[in-house]
Amino acid sequence: TNNGHMFYLLCPSLEYRTSLIQFLKSNDINAVFHYLPLHSSKYYEERHDGRQLVNCDTFSDCLLRLPLYYEMTDSDVYKVIDSIIKFCHTK
């Protein structure tokens, strides 16, 4: 069995990810960015020692979380896949 709770893409840049999110949204597909780094949050700013966390920042800018939900049909899955392929062919 698989306890997976997320499918994601790693985009080459923040601009690419933003364009892909907009493209998917125009096709009624809700894909969102994944997370904000803790070290960049208001809550943690006084606790962070100031180190550069390059990988954390990169993933924050480039991860795109794909839709995944219980009621998702095969047709929904193929719509997401086809839309991503269509977007990639325009880039």
Once you round to the nearest 0.5 Å, how far does OG of S83 lie from NZ of K25? 15.0 Å
Return yes when atom OH of Y69 has more than 12 non-hydrogen atoms of other residues, nucleotides or ligands closer than 6.0 Å, and no otherwise. yes
Inspect the surroundings of CZ in R51 and state if more than 12 heavy atoms from other residues, nucleotides or ligands are less than 6.0 Å away. no
About how many Å separate OG of S41 and NE2 of H48, when rounded to the nearest 0.5 Å? 10.0 Å
Within-4.5 Å side-chain heavy-atom neighbours: F7 and V80: no
F87-F33 co-clustered via ILVMFWY side chain contacts under 4.5 Å: no
Using side-chain contact (heavy atoms from CB on, under 4.5 Å) as the criterion, point out the one residue from L24, L66, I21 that pairs with I29. L24
Is there a donor in the side chain of D57 and an acceptor in the side chain of H39, or the other way round, less than 3.5 Å apart? yes
Determine whether C88 and F23 make a side-chain contact, defined as any pair of heavy atoms from C-beta on separated by less than 4.5 Å. no
Working to the nearest 0.5 angstrom, can you tell me the gap between M6 CE and L68 CG? 10.0 Å
Assigning hydrophobic clusters by single linkage (Ile, Leu, Val, Met, Phe, Trp, Tyr; side-chain heavy-atom cutoff under 4.5 Å), is L10 placed with L53? no
Give me the one residue out of D28, D74, T73 that meets side-chain contact (heavy atoms from CB on, under 4.5 Å) with K79. D28
With a 3.5 Å distance limit and no angle check, can you tell me whether T18 reaches the backbone of L14 through a side-chain donor-acceptor pair? yes
Common cluster, L20/Y78, ILVMFWY with side-chain heavy-atom separation under 4.5 Å: yes
Is there a path of hydrophobic side-chain contacts, each under 4.5 Å between heavy atoms, that joins I85 and L9? yes
With clusters defined by side-chain heavy atoms of hydrophobic residues (ILVMFWY) lying less than 4.5 Å apart, directly or transitively, does V77 cluster with I84? yes
Straight-line distance of L36 CG to K42 NZ, nearest 0.5 Å: 14.0 Å
Over all atoms of both residues, closest heavy-atom pair of C62 and R17: N-NH1, 3.8 Å
